[in-house]
Amino acid sequence: QVQLVESGGGLVQPGGSLRLSCAVSGIAFGVYNMDWYRQAPGKQRELVAELTSGGSTNYADSVKDRFTISRDNAKNTVYLQMSSLKPEDTAVYYCHAERSVMWSRAYWGQGTQVTVSS
């Protein structure tokens with residue numbers, strides 16, 4: 001059984017920081033590319049950050065220099081460190097796992113709510 005479980009969301013003031021975690025089980029974590037997506041009400045789900053199994057990273061322009069994605073293969077966990085948070089960062093954040101193999105199944109977590117408000 002495959003599980004991706006996000007945690008760490010909550011309410012934070014503008015300019016504050018949060019660290020999201022995604023604990024993964026049921027797959028060979030080390031061979032998967034890991035991503036963070038987010039979706040705000042009425043908006044399309046967007047890719048925020050990705051970290052490949054080979055160690056390369058990519059970020060959306062809107063979060064570059066504020067967010068950092070990392071992984072701990074010993075704990076089967078991927079993280080998203082978020083700093084200098086803005087109200088427009090408010091969304092449900094989702095963890096995503098995929099392999100760089102055609103036709104391989106991808107997996108999603110249930111999501112964790114991040115609200116940035118004063």
Side-chain angles (χ1 to χ4, degrees):
Q1 186 175 1
V2 178
Q3 284 191 304
L4 282 69
V5 181
E6 300 97 334
S7 62
L11 176 65
V12 64
Q13 292 184 333
S17 299
L18 283 175
R19 189 181 73 162
L20 306 183
S21 299
C22 174
V24 180
S25 61
I27 60 172
F29 180 77
V31 304
Y32 275 77
N33 306 318
M34 299 301 303
D35 310 303
W36 286 97
Y37 286 78
R38 69 184 181 188
Q39 187 167 25
K43 294 192 175 183
Q44 187 176 351
R45 187 173 298 186
E46 65 172 342
L47 178 65
V48 176
E50 66 177 14
L51 175 56
T52 70
S53 61
S56 62
T57 60
N58 289 288
Y59 298 93
D61 288 342
S62 60
V63 308
K64 196 170 298 181
D65 300 322
R66 298 190 298 118
F67 291 11
T68 301
I69 188 171
S70 62
R71 67 195 296 164
D72 186 340
N73 286 349
K75 296 182 178 180
N76 283 12
T77 301
V78 63
Y79 304 95
L80 185 67
Q81 178 66 51
M82 305 184 294
S83 300
S84 302
L85 284 162
K86 306 173 181 179
E88 51 263 44
D89 295 319
T90 296
V92 177
Y93 284 72
Y94 296 92
C95 184
H96 179 255
E98 61 180 348
R99 289 194 67 190
S100 298
V101 177
M102 190 175 293
W103 307 116
S104 294
R105 182 178 177 179
Y107 301 94
W108 292 93
Q110 293 294 312
T112 185
Q113 176 72 48
V114 173
T115 302
V116 184
S117 177
S118 59

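Basis for what follows: all heavy atoms, side chains included, without hydrogens, waters or symmetry-related copies.
Here the CZ-CZ distance, from Arg45 to Arg38, works out to 13.0 Å after rounding to the nearest 0.5 Å. Trp36 contributes atom CH2, which lies 5.0 Å from atom SG of Cys95 (distance to the nearest 0.5 angstrom). Ser117 OG to Asp89 CG: the interatomic distance, rounded to the nearest 0.5 Å, is 12.5 Å. Rounded to the nearest 0.5 Å, atoms CG (Leu51) and OH (Tyr32) are 15.5 Å apart. With rounding to the nearest 0.5 Å, the separation of CG in Leu4 from OG in Ser25 is 7.5 Å.
When every heavy atom of Gly8 is checked against every heavy atom of Leu18, the shortest pair comes out as O-CD2, 3.8 Å. Shown here for Ala40 and Ala91, the closest heavy-atom pair between the two residues is N-CB, 3.9 Å. Taking both residues in full, the closest heavy atoms of Pro14 and Ser118 are given as CD-N, 3.7 Å, listed atom of the first, atom of the second, then distance. What you find for Glu98 and Ala106 is that their closest heavy atoms are CB-CB, 4.2 Å.
Using a 4.5 Å heavy-atom threshold, the side chains of Met34 and Val24 count as touching. In this structure, the side chains of His96 and Leu47 stay at 4.5 Å or more apart for every pair of heavy atoms. Proximity of Lys86 to Val116: side-chain heavy atoms (C-beta onward) are nowhere separated by under 4.5 Å. Here the side chains of Asn33 and Glu50 are not in contact, with every heavy-atom distance at 4.5 Å or above. In this structure, the side chains of Tyr94 and Asp35 stay at 4.5 Å or more apart for every pair of heavy atoms.
Salt bridge present: Lys64 and Asp61 bring a charged side-chain N and a carboxylate O closer than 4.0 Å.
Counting heavy-atom neighbours within 6.0 Å of Asp65 CG, excluding the residue itself, gives a total of 12 or less.
Judged by distance alone, the side chain of Glu6 and the main-chain N or O of Gly111 form a donor-acceptor pair under 3.5 Å. Between the side chain of Arg71 and the main chain of Phe29, a donor-acceptor pair closer than 3.5 Å is present. A donor-acceptor pair under 3.5 Å is formed between the side chain of Tyr59 and the backbone N or O of Ile69.
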Residue pair Ser100, Thr52: steps toward the side-chain contact (heavy atoms from CB on, under 4.5 Å) verdict: CA-CA 9 Å; Ser100 298; Thr52 70; over 6 Å; no
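Sorted by first and then second residue, the side-chain hydrogen bond (donor to acceptor under 3.5 Å, both in side chains) pairs with a member in residues 103-113 read Gln113-Thr115; sequence neighbours excluded.
Residue Val5 is not grouped with residue Ile27 when hydrophobic side chains (ILVMFWY) are merged at heavy-atom distances under 4.5 angstrom, including chains of intermediate members.
Paired with Val114 under the rule side chain to side chain contact (heavy atoms under 4.5 Å, CB included), one option of Leu20, Leu80, Val92 passes, and it is Leu20.
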